[in-house]
Amino acid sequence: MLDTNFIFNNINEVKENLLNQGFKFDSDSFNVVYQKRKELITQVEALKQEQNKFTKEISKQKRKPNEKELLGIKELIEKIKILDSQRKLVEDDLATITLGIPNLCDSTVPIGKNEEFNVEITKYGRIPKFDYEPLDHTEIGKKLNLFDLERASKITGSRFNIYRGEGAKLERALINFMLDFHSKNGYEEIFPPFICNDKSFVGTGNLPKFEEDLFKLSNSNYYLIPTAEVPVTNMYADEVIDKKNLPLNFVAFSACFRSEAGSYGKDVKGLIRQHQFNKVELVKITSEENSQEEHEKLTNDACSILNELELPYRKVLLCTGDTSFSSNKTYDLEVWLPSEKKYREISSCSNFKDFQARRANIKIKSNNKVEFANTINGSGLAIGRTLVAIIENFQQKDGSIKIPNKLQPYFNNKTHIK
RNA sequence: GGAGAGAUGGGUGAGUGGCUUAAACCACCGGAUUGCUAAUCCGGCGUACGGAGUAAAUCCGUACCGGGGGUUCGAAUCCCCCUCUCUCCGCCA
């Protein structure tokens, strides 16, 4: 969430920045509520001061108030009550408005309304050449019995999957490989709950606006997490962190659950868009002055996994229209999929600046100065999509799949799936 | 699931209706002094919001002792509801 005073003092810049993201900010009604709140605070506090003065006087004189005084003070208290409840309503209104406003985009983010305006930064790796038409991952998976989408839909429904045999082992190998890699790189390993309460989701920006993307547990305020970002970022909610300990670096594996409402008809084939998938997530908590640098570092750390696995990919800077609600700046990493002959998102690395920290109330302290933290996160990587990329990019003419060299120690030192 | 005990500032922790402007200690910051990896002494030190101030410094005010209600002229303190933590019992992978 943005600071209300900042919005008020920079109303036109904020409006323009948000418009670049396709968000029409109603600045007039914001101003009305903002001013109304100030008025009510001023009024109610003046009355409270009057009441406190009276109370202190009584206390000092060590006596009880007489009947006439009581009558007057009770009238005052009644006024305070009325104004106070009005103030509360207005503050709720203001909170509703600000919680629904997206983060501003960094000045380096290209302006554009959709993914066509994203900017490719660099390409890495070599795109494999096949002297036959490469198969897609569902065909290969079926032939080698790596997963079983049909039976998954029987036991749960569409967009769920059962990994089987070598497929299950490959999924597990990737999880372990990524966790180990990032741990050695200075990230503390976290194994979080896969269910969080509503407050946590407000903290990261998923609620109140995007409830339809989530699976909610009935009769509770609990939701299944769509990413480990939610529990890990909120670990430090309502805390003040000593600046000396920054940055905090976390790597977390979790299953991720997304209702994918509104995505019907898109990428329905195979493992690309599932209701449940595995992901290793990187999260950093840092300070304002270091967040850009840490964002670049985190993105590079995610890239390293693709490099280690010898997967061809590109790094893309998202435009304003494609940058998500909470993010200030996002790089997507897109891996090459031979069957589609195009790059597909496998990681999204975002700098949220203090947007999430203000919502979750994560602060940092140094020399008696307290400020909101900056939060950064990115996939390092989405496991299912990595598995798809390996299957497709490392498919061999004889129908086998080569296992990338660095992954082999995690795969019983086997070189191929046959 | 049952019973009991708790939740106070960055941390530990005192405080059972007005003497609290929340003690004390630790940590932190500034200064002094002595000089063996530091010690001692002095001082400072919460957050949010509103107002004054060109601004910074600063000053004034209001609220905040897990969260929400209530009683009272006055609540960290009394009452009600909720959440969480710990201990014991039960059940359980």
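In what follows, every chain begins at residue 1, and chains take the letters A, B, ... in the order their sequences are listed.
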Enquirer: Which stems does RNA chain B form, counting runs of 3 or more consecutive Watson-Crick or G-U wobble pairs with both distances under 3.5 Å?
Expert: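 Consecutive-pair runs (3 or more) involving RNA chain B: B:1-7 with B:83-89, B:10-12 with B:24-26, B:28-32 with B:40-44, B:46-52 with B:58-64, B:66-70 with B:78-82.
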
Enquirer: Using a 4.0 Å heavy-atom cut-off across all strands, classify A:K74 as base, sugar-phosphate, or nothing.
Expert: sugar-phosphate

Enquirer: Please name all residues satisfying side-chain hydrogen bond (donor to acceptor under 3.5 Å, both in side chains) with A:Q292, sequence neighbours left out, ordered by chain then number.
Expert: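 side-chain hydrogen bond (donor to acceptor under 3.5 Å, both in side chains) list for A:Q292, sorted by chain: empty.
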
Enquirer: Between B:U62, B:U47, B:G10, which nucleotide gets closest to the side-chain atoms of A:E45?
Expert: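 So the side chain of A:E45 is nearest to B:U62.
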
Enquirer: I want to check one thing: is the phosphate of B:C73, taken as OP1 and OP2, less than 4.0 Å away from some side-chain N or O of A:N66?
Expert: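 Answer no for this pair, as no side-chain N or O of A:N66 is under 4.0 Å from OP1 or OP2.
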
Enquirer: Base, sugar-phosphate or nothing for A:D84? Non-hydrogen atoms, less than 4.0 Å.
Expert: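 Since no nucleic acid heavy atom lies under 4.0 Å of A:D84, the category is nothing.
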
Enquirer: Taking distance alone, no hydrogens or angles, what donor-acceptor pairs closer than 3.5 Å link side-chain atoms of residues 93-100 of chain A to residues at least two apart or in another chain?
Expert:
{"residue": "A:T96", "atom": "OG1", "partner": "A:D92", "partner atom": "O", "Å": "2.8"}
{"residue": "A:T98", "atom": "OG1", "partner": "A:L94", "partner atom": "O", "Å": "3.0"}
{"residue": "A:T98", "atom": "OG1", "partner": "A:A95", "partner atom": "O", "Å": "3.2"}

Enquirer: Using the side-chain hydrogen bond (donor to acceptor under 3.5 Å, both in side chains) criterion, which residues pair with A:E296? Sequence neighbours excluded.
Expert: A:Y331

Enquirer: Check nucleotides 56-60 of chain B for protein N or O atoms closer than 3.5 Å to its own N or O atoms and list the pairs.
Expert:
none

Enquirer: When you compare B:U58 with B:C19, how far apart are their P atoms, in angstrom units rounded to a whole number?
Expert: 28 Å

Enquirer: A:E139: what forms a side-chain hydrogen bond (donor to acceptor under 3.5 Å, both in side chains) with it, not counting sequence neighbours?
Expert: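 In terms of side-chain hydrogen bond (donor to acceptor under 3.5 Å, both in side chains), with neighbours along the sequence ignored, A:E139 is linked to no residue.
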
Enquirer: With distance as the sole test, does A:E392 use its side chain to make a donor-acceptor pair with the main-chain N or O of A:H137 at under 3.5 Å?
Expert: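 Yes, because the side chain of A:E392 sits within donor-acceptor range (under 3.5 Å) of the backbone of A:H137.
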
Enquirer: Find which nucleotide of RNA chain B each of A:V44 and A:K62 is nearest to by heavy atoms, and output the residue with the more 5' nucleotide.
Expert: A:K62

Enquirer: Picking from B:U62, B:G50, B:G10, which would you name as closest to the side chain of A:I41?
Expert: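 When the side chain of A:I41 is considered, B:G50 is the closest of B:U62, B:G50, B:G10.
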
Enquirer: Expected output is a numbered-order residue list: members of residues 28-38 of chain A with a heavy atom under 4.0 Å from any atom of RNA chain B. What is it?
Expert: A:R37, A:K38

Enquirer: Figure out the NZ/P separation between A:K79 and B:U62, and round it to whole Å.
Expert: 17 Å

Enquirer: Does OP1 or OP2 of B:G61 have a side-chain N or O of A:N52 closer than 4.0 Å?
Expert: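 So the side-chain polar atoms of A:N52 never come under 4.0 Å of the phosphate oxygens OP1 or OP2 of B:G61.
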
Enquirer: Enumerate, atom names and distances included, each donor-acceptor pair closer than 3.5 Å involving a side-chain atom of residues 193-206 of chain A, sequence neighbours excluded.
Expert:
{"residue": "A:N197", "atom": "OD1", "partner": "A:K199", "partner atom": "N", "Å": "3.4"}
{"residue": "A:N197", "atom": "OD1", "partner": "A:S200", "partner atom": "N", "Å": "3.1"}
{"residue": "A:N197", "atom": "OD1", "partner": "A:S200", "partner atom": "OG", "Å": "3.1"}
{"residue": "A:D198", "atom": "OD1", "partner": "A:N221", "partner atom": "ND2", "Å": "3.2"}
{"residue": "A:K199", "atom": "NZ", "partner": "A:D238", "partner atom": "OD2", "Å": "2.7"}
{"residue": "A:T204", "atom": "OG1", "partner": "A:S200", "partner atom": "O", "Å": "3.2"}
{"residue": "A:T204", "atom": "OG1", "partner": "A:N206", "partner atom": "OD1", "Å": "2.7"}

Enquirer: For A:Q356 and A:S326, test the side chains for any donor-to-acceptor distance below 3.5 angstrom and give the result as yes or no.
Expert: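 Result is no, nothing qualifies.
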
Enquirer: Taking N or O atoms only and anything under 3.5 Å, show me the protein contacts with nucleotides 74-85 of chain B, one pair per line.
Expert:
{"residue": "B:G74", "atom": "OP1", "partner": "A:Q51", "partner atom": "NE2", "Å": "3.2"}

Enquirer: Do A:E229 and A:N377 have a side chain donor and acceptor closer than 3.5 Å?
Expert: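 There is such a pair (donor and acceptor under 3.5 Å, judged by atom type) between the side chains of A:E229 and A:N377.
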
Enquirer: Do any N or O atoms of the protein come closer than 3.5 Å to N or O atoms of nucleotides 67-71 of chain B, and which pairs are they?
Expert:
{"residue": "B:G69", "atom": "OP1", "partner": "A:K88", "partner atom": "NZ", "Å": "2.2"}

Enquirer: Do any side-chain nitrogens or oxygens of A:N361 fall under 4.0 Å of OP1 or OP2 in B:U47?
Expert: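 Answer is no, no contact under 4.0 Å.
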
Enquirer: Using the side-chain hydrogen bond (donor to acceptor under 3.5 Å, both in side chains) criterion, which residues pair with A:N290? Sequence neighbours excluded.
Expert: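 With sequence neighbours excluded, A:N290 shows a side-chain hydrogen bond (donor to acceptor under 3.5 Å, both in side chains) to A:S287, given in chain and number order.
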
Enquirer: Name all pairs fulfilling the ring-ring contact (aromatic ring centres under 6.0 Å, His included) condition that reach into residues 31-88 of chain A, sequence neighbours left out, sorted by first residue then second.
Expert: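 Matches after skipping sequence neighbours: A:F8-A:Y34, A:F30-A:Y34.
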
